[in-house]
Asker: 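If you scroll down you'll find the structure; I have some questions about it.
The analysis underlying the following values was restricted to heavy atoms, covering all of them including side chains, and did not include hydrogens, waters or symmetry mates. Just so you know, ligand 1 is whichever comes first in the structure, and atom 1 is the first atom listed for that ligand. Quick caveat, the model's predicted, so the values are computed rather than measured.
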Amino acid sequence: MMNETVREKRLIKYMGSKRTLIPVLTQLVASSGAKSALDLFTGTTRVARAIKSLGIETTASDSASYSEVFAKTWIELDGSAVKPRELDRAIAKLNALPGQHGYFTENFCLKARYFQPENGERIDAMREHIESNYRDSWLYYPLLTSLIMAADRVDSTTGVQMAFLKSWSPRSHKSLELKDPDLVSGIGHAARGDATELVKTFPSVDLAYLDPPYNQHRYFGNYHVWESLVRWDKPETYGIANKRIDNRSAEHKSAFNSRATMPAALSKLVTDLKCETLILSYNNESWLSRDQLIEIASARGHVEVLDIEFKRYVGSQIGVYNKAGEKVGSPAHRNNIEHIVIAGQKQIVQRMVAQLDG
Ligand SMILES: C[S@@+](CC[C@H](N)C(=O)[O-])C[C@H]1O[C@@H](n2cnc3c(N)ncnc32)[C@H](O)[C@@H]1O
């Protein structure tokens with residue numbers, strides 16, 4: 001068992017983010033010899049960014065709209081082919097805009113209290129400005145990314161948007177400030193859609209990375225504020241958390257969020273992938289046992305498993321909250337084990353594991 005302690009820069013607070021696993025995953029991918037890669041549940045794009053940084057042509061996809069924005073920013077854009085000063089200037093302009101009461105302030109600062117109203121008004125003004133002035137510019141996605149990251153740094157949640165804190169978080173008193181999102185050089189592609197459908201459309205790659213959800217909590221509902229900020233479609237909302245009305249629709253359900261459908265969906269996905277080597281992350285608190293994971297992955301050849309112990313997701317360290325944001329319990333334990341399952345040609349898989357440090 002390995003114990004991960006290395007700290008990576010935070011992008012946004014995200015359930016299941018693989019921030020702490022990046023050093024191990026990077027070493028594994030580097031020793032696979034891959035020249036092309038696919039990350040089908042890319043989330044923050046944390047892993048895809050690391051893969052792209054190795055000089056590997058990387059495709060990142062996810063069903064979430066905000067994740068597509070991240071993938072357009074960090075994976076599809078070649079950081080070495082753009083003019084960073086244009087981005088700096090646009091960020092400075094947005095930071096200087098006066099606030100303006102709008103949809104965001106009304107729904108996420110007054111009806112629900114995810115952000116302080118002064119920050120919410122500035123988010124409203126910036127978001128309108130981005131839509132009116134940068135829709136057709138290469139700056140559009142980096143600016144949206146920068147806005148989400150800035151908003152995340154001043155939120156008043158435990159890291160998910162199904163509740164806000166009863167009293168304002170200390171960070172929510174800080175003034176919103178957009179920063180350079182730190183683009184990545186190299187070649188990449190971004191897509192949005194259901195992994196089970198998209199997998200059929202992507203060309204074959206040397207390496208695929210799968211990091212599906214591992215419980216019933218749906219990302220669409222847990223990060224509805226980012227969905228609405230990106231889509232800017234200003235939908236009707238409901239409940240104390242003020243979620244988007246379409247959160248209730250079947251369209252946003254994932255086969256990976258249900259114990260009944262998840263095993264078959266993962267099994268089919270693993271079979272449908274067109275890749276030489278597969279890396280799959282999965283969590284010991286989830287529905288599939290280590291043996292079941294091995295069985296599913298063995299459809300792709302030889303299998304090795306690494307078990308990595310690391311601290312639980314930040315929200316679960318803080319406590320368990322009800323919908324009104326009141327603390328109702330403490331997390332059962334603080335460490336969990338992430339299984340990294342590697343499958344493919346025996347020689348490649350064994351080399352990847354053998355070349356790991358420590
Ligand atoms: C465990 S998270 C991935 C975290 C990511 N590796 C990171 O480090 O940020 C799972 C992701 O799967 C996405 N997702 C859920 N169901 C999906 C589906 N059916 N197809 C594509 N993406 C899906 C969620 O939006 C979420 O971003």
Asker: Using a 4.0 Å heavy-atom cut-off, say whether Tyr14 meets ligand 1 through its side chain, its backbone, both or neither.
Answerer: side chain

Asker: Mind checking whether Ser17 has a heavy atom under 4.0 Å from ligand 1?
Answerer: yes

Asker: Which atoms of ligand 1 sit under 4.0 Å from any heavy atom of Gly16?
Answerer: 1 (C), 4 (C)

Asker: Identify the closest protein heavy atom to atom 25 (O) of ligand 1: which residue and atom is it, and at what distance?
Answerer: Asp62 OD1, 2.7 Å

Asker: For atom 9 (O) of ligand 1, find the nearest protein heavy atom and state the residue, atom name and distance (0.1 Å precision).
Answerer: Thr44 OG1, 2.6 Å

Asker: For ligand 1, indicate whether the residue Tyr219 contacts it via side chain, backbone, both or neither (heavy-atom separation under 4.0 Å).
Answerer: side chain

Asker: Distance under 6.0 Å and angle within 45° of the ring axis: does Arg248 meet both against Tyr238?
Answerer: yes

Asker: Would you call Asp155-Arg171 a salt bridge at under 4.0 Å N-O?
Answerer: yes

Asker: Verify side chain to side chain contact (heavy atoms under 4.5 Å, CB included) between Met15 and His217, making sure each step is shown before the conclusion.
Answerer: CA-CA 9 Å; Met15 252 183 357; His217 297 300; 4.1 Å; yes

Asker: Show me which atoms of ligand 1 lie under 4.0 Å from any heavy atom of Thr42.
Answerer: 5 (C), 7 (C), 9 (O)

Asker: Provide the number and element of each atom of ligand 1 under 4.0 Å from a heavy atom of Gly43.
Answerer: 9 (O), 27 (O)

Asker: Is it the case that the side chain of Thr105 and the backbone of His101 share a donor-acceptor pair, with hydrogens and angles ignored and the cut-off at 3.5 Å?
Answerer: no

Asker: Among all protein non-hydrogen atoms, which one is nearest to atom 20 (N) of ligand 1, and what is the separation to 0.1 Å?
Answerer: Ala195 N, 2.8 Å

Asker: Between Lys18 and ligand 1, find which residue part has any heavy-atom pair under 4.0 Å and reply side chain, backbone, both or neither.
Answerer: both

Asker: Could you list which atoms of ligand 1 come closer than 4.0 Å to a heavy atom of Asp194?
Answerer: 19 (N), 20 (N)

Asker: Should you measure from each heavy atom of Phe256, which atoms of ligand 1 turn up under 4.0 Å away?
Answerer: 19 (N)

Asker: Among Gln116, Glu118, Met126, Glu121, exactly one meets side-chain contact (heavy atoms from CB on, under 4.5 Å) together with Leu176. Which residue is that?
Answerer: Met126

Asker: In this structure, which one of Lys35, His189, Lys52 forms a side chain to side chain donor-acceptor pair (under 3.5 Å) with Glu57?
Answerer: His189

Asker: I need the nearest protein heavy-atom contact for atom 16 (N) of ligand 1: residue, atom name and distance, please.
Answerer: Ser254 OG, 2.7 Å

Asker: Suppose we call two aromatic rings close when their centres sit under 6.0 Å apart. Are Phe70 and Tyr141 close by that rule?
Answerer: no

Asker: Indicate yes or no: does Lys18 engage Asp211 in a salt bridge with an N to O separation below 4.0 Å.
Answerer: yes

Asker: Is it the case that the ring center of Tyr66 lies less than 6.0 angstrom away from the ring center of His224?
Answerer: no

Asker: For residues Phe164 and Phe108, establish whether the separation of their ring centroids is below 6.0 Å.
Answerer: no

Asker: Can you list the ligand 1 atoms lying under 4.0 Å from a non-hydrogen atom of Gly193?
Answerer: 20 (N), 21 (C)

Asker: Is it true that Tyr209 and Phe41 have ring centroids separated by less than 6.0 Å?
Answerer: no

Asker: Can you list the ligand 1 atoms lying under 4.0 Å from a non-hydrogen atom of Arg46?
Answerer: 8 (O)

Asker: What residue and heavy atom of the protein are closest to atom 12 (O) of ligand 1, and at what distance?
Answerer: Phe41 CD2, 3.4 Å

Asker: Do NZ/NE/NH1/NH2 and the carboxylate oxygens of Lys234 and Glu128 come within less than 4.0 Å?
Answerer: yes

Asker: Between the candidates Pro213, Pro212, Ser63, which shows the shortest non-hydrogen contact distance to atom 22 (N) of ligand 1?
Answerer: Ser63

Asker: Return the residue, atom name and 0.1 Å-rounded distance of the protein heavy atom closest to atom 4 (C) of ligand 1.
Answerer: Asp211 OD2, 3.2 Å

Asker: Applying a 4.0 Å heavy-atom criterion (strictly less than), which segment of Asn257 is in contact with ligand 1: side chain, backbone, both, or neither?
Answerer: neither

